Structures are given as structure tokens and as C-alpha cells.
Amino acid sequence: MNLSKLKKLNRTFYQRELLVVARELLGKILVKADGSALLAGKIVEVEAYDGSIDEAAHTYTGKTIRNQIMFEAGGYFYVYFTYGAHFCCNIVTGEEGHGTAVLIRGVEPVEGVVKMAFNRYGKNLVNEKEKYNLTSGPGKVCQAFGITRDYYGEDLIKGRVYLLNQPKIPEQMVVQTTRIGIKKSIELNWRFYIKDNPFVSRK
DNA sequence: CCACGGATTGGCT
DNA sequence: GCCAATCCGTGGA
């Protein structure tokens with residue numbers, strides 16, 4: 001895949017309604033261009049969070065130091081640390097003040113697989129299992145890409161992390177279902193993933 | 001000031 | 001299938 005021919009998504013893309021953006025993020029290319037290293041992966045699984053009606057969202061109880069970037073206008077990167085061990089990254093959506101974002105739960109590596117393997121395992125890939133375990137989960141994606149607290153609040157229009165456009169995934173290839181790993185607002189069908197893609201964290 | 005628990009992962013049973 | 005690891009944001013005292 002020739003990434004240099006793809007167009008970067010602009011602010012307008014992100015500032016639309018949460019669920020529209022979440023659905024359309026499937027298939028887009030997440031890129032981290034940091035110095036010499038270029039890492040990229042196709043987004044295959046996401047979850048939407050909306051503090052105004054969703055108890056599982058970090059913004060549900062209002063603005064705090066940790067979640068303030070989620071209240072910015074769409075097009076920023078929200079990175080948080082959880083379970084004492086993992087980082088997870090989100091795409092802020094909607095208009096300023098909304099407190100909405102989309103969690104990246106799985107990507108299919110496109111560029112920089114060797115670097116990702118070293119970030120995850122400290123060595124080269126040796127089998128299929130390691131290949132699919134590389135980026136099939138939110139914490140795994142951040143570890144493979146080297147995304148840490150340092151990327152909190154990154155501007156996706158002019159920062160080191162951005163998204164490249166790709167054709168919309170056809171409806172029949174998209175599965176919409178409930179979110180994973182939460183205890184509140186579990187009835188919301190706000191998880192989207194690409195059907196049969198091996199980098200989806202779970203069915 | 002301090003206790004609680006999480007948008008997870010990986011290893012062990 | 002179950003559970004420990006391990007940090008720090010959050011909220012109550």
C-alpha cells in the first residue's frame with residue numbers, strides 16, 4: 001500500500017456526530033510519524049463513548065484534568081492509562097464541549113510491522129499467533145505503536161499522529177454490537193468492527 | 001489525605 | 001475460564 005498517495009482526514013471529518021464518525025473510522029489508516037519511524041495500521045475495531053448519556057464514558061461525571069481533551073472539538077487524540085499497565089487511545093469527535101470520543105480497539109498493521117513486533121515482544125515475529133496478537137486489542141495497539149501519555153492531546157490535523165482516508169467499508173462487512181470490558185451502559189450497541197478481520201479483539 | 005477500582009492483558013489452572 | 005499485576009485519576013473524608 002502506497003501511503004503517500006492517501007489524503008489526511010481533516011477537522012470536518014471528526015467534528016460530526018459520534019456514531020457517524022465511529023462507524024466511518026473503520027478502514028481508515030492510523031499513522032504515527034515520529035522522527036524516522038513510520039507506523040501505520042488499518043482500523044478494524046472501535047467503540048464510541050458519550051459523556052452526556054453514557055455512564056461508561058470517562059466524561060460522564062464532567063470535565064477533569066484527565067478527560068479535558070475529550071471536551072475539545074473533534075480531531076484530537078485522547079490517551080489514557082488503565083489497570084496499572086496499559087495505554088488506550090481515542091479519537092475525539094463532535095463539537096467543542098460534547099465530551100465524545102472513539103476508542104481504537106484493533107488495527108491491521110500496514111507499515112512498520114517489524115518495529116511493532118519489537119515494541120510488543122522485543123523480537124521479530126516467529127509465528128501466526130504472534131502476528132495476530134500484535135494489535136488485536138486497545139492496549140496492544142498502543143504498545144505496538146509506542147503510544148504513551150506523551151501523545152495525550154495530540155492534534156490529528158497537524159501532529160505526529162493522524163489518519164489517512166480510505167474507501168468506506170460496505171455495510172454488509174460491518175458488525176455493530178455491545179462494548180467490551182465495561183459494567184455500566186452495557187446495553188448500548190456502540191461497538192463497530194469489520195466482519196471476519198483477524199485483528200478484531202473478539203467477536 | 002487516602003481508598004477504590006478500571007474502556008486490559010497474559011499467564012496459569 | 002479465572003485472576004493477579006500495577007498505576008494513577010477520582011471522589012469522599
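Keep in mind that this is a model prediction, so the values were computed, not measured. Residue numbers start from 1 in every chain, and the chains themselves are labelled A, B, ... in the order their sequence lines are given, proteins ahead of strands.
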Enquirer: What's the closest nucleotide to the A:Thr82 side chain, out of B:dG6, C:dT10, B:dT9?
Expert: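 Nucleotide nearest to A:Thr82's side chain: B:dG6.
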Enquirer: Roughly, in whole Å, what's the span from OH in A:Tyr60 to P in C:dT10?
Expert: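 In whole Å, C:dT10 P lies 16 Å from A:Tyr60 OH.
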Enquirer: On DNA chain B, check which nucleotide each of A:Gln143 and A:Tyr78 is closest to and give me the residue with the more 5' one.
Expert: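 That would be A:Tyr78.
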Enquirer: Does the C:dA5 base have a donor-acceptor partner in the side chain of A:Tyr83 within less than 3.5 Å?
Expert: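 Per atom types, no contact qualifies.
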Enquirer: Could you please name the option among C:dT10, C:dC7, B:dA7 that lies closest to any side-chain atom of A:Tyr80?
Expert: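 Comparing C:dT10, C:dC7, B:dA7 against the side chain of A:Tyr80, the answer is B:dA7.
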Enquirer: Quick check on DNA chain B: between A:Lys183 and A:Gly139, whose nearest nucleotide comes earlier from the 5' end?
Expert: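 Whichever sits nearer the 5' end wins; that is A:Lys183.
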Enquirer: From B:dG6, C:dT10, C:dG11, pick the nucleotide closest to the side chain of A:Arg66?
Expert: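 Within the option list, the nearest is C:dT10.
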Enquirer: Using the six-membered ring of A:Phe199, assess whether NZ or CZ of A:Arg105 lies under 6.0 Å from its centre and within 45 degrees of the ring axis.
Expert: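 A:Arg105 over A:Phe199 ring: no.
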Enquirer: Are A:Tyr152 and A:Phe77, when compared by the centres of their aromatic rings, separated by less than 6.0 Å?
Expert: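 Aromatic pair excluded; centres sit 6.0 Å or further apart.
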Enquirer: For B:dC2 and C:dT6, measure between their P atoms and round to the nearest Å.
Expert: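 To the nearest whole Å, 23 Å.
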Enquirer: What does C:dT6 pair with, Watson-Crick or G-U, if both distances are under 3.5 Å?
Expert: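 For C:dT6, the partner nucleotide comes out as none, under the 3.5 Å rule.
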Enquirer: Side chain of A:Met70: nearest nucleotide among C:dC7, B:dA7, C:dG9?
Expert: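 Of the options given, the side chain of A:Met70 lies nearest B:dA7.
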Enquirer: Rounded off to whole Å, could you give me the CZ-to-P distance for the A:Arg191 and B:dT8 pair?
Expert: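 Whole-Å distance recorded here is 11 Å.
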Enquirer: Can you see whether A:Phe145 has A:Lys32 sitting over its ring - NZ or CZ less than 6.0 Å from the centre and within 45° of the normal?
Expert: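 Checked: cation-pi criterion not met.
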Enquirer: If we ignore hydrogens and angles and just use 3.5 Å, is the side chain of A:Arg120 paired with the main-chain N or O of A:Asn133 as donor and acceptor?
Expert: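 Between the backbone of A:Asn133 and the side chain of A:Arg120 there is a qualifying donor-acceptor contact (under 3.5 Å).
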Enquirer: The side chain of A:Asn133 lies closest to which of these nucleotides: B:dG10, C:dG9, B:dA7?
Expert: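 Output: B:dG10.
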Enquirer: Side chain of A:Lys140 only, please: which of B:dG10, C:dC8, C:dG11 is the nearest?
Expert: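 Per side-chain heavy atoms of A:Lys140, the pick is B:dG10.
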Enquirer: Who is the Watson-Crick or G-U wobble partner of B:dA7, with both distances under 3.5 Å?
Expert: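 Paired with B:dA7, as far as the under-3.5 Å criterion goes, is no nucleotide at all.
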Enquirer: Is A:Glu154 close to A:Ile147 at the side-chain level, that is, under 4.5 Å between some pair of heavy atoms?
Expert: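 Answer no - side chains too far apart.
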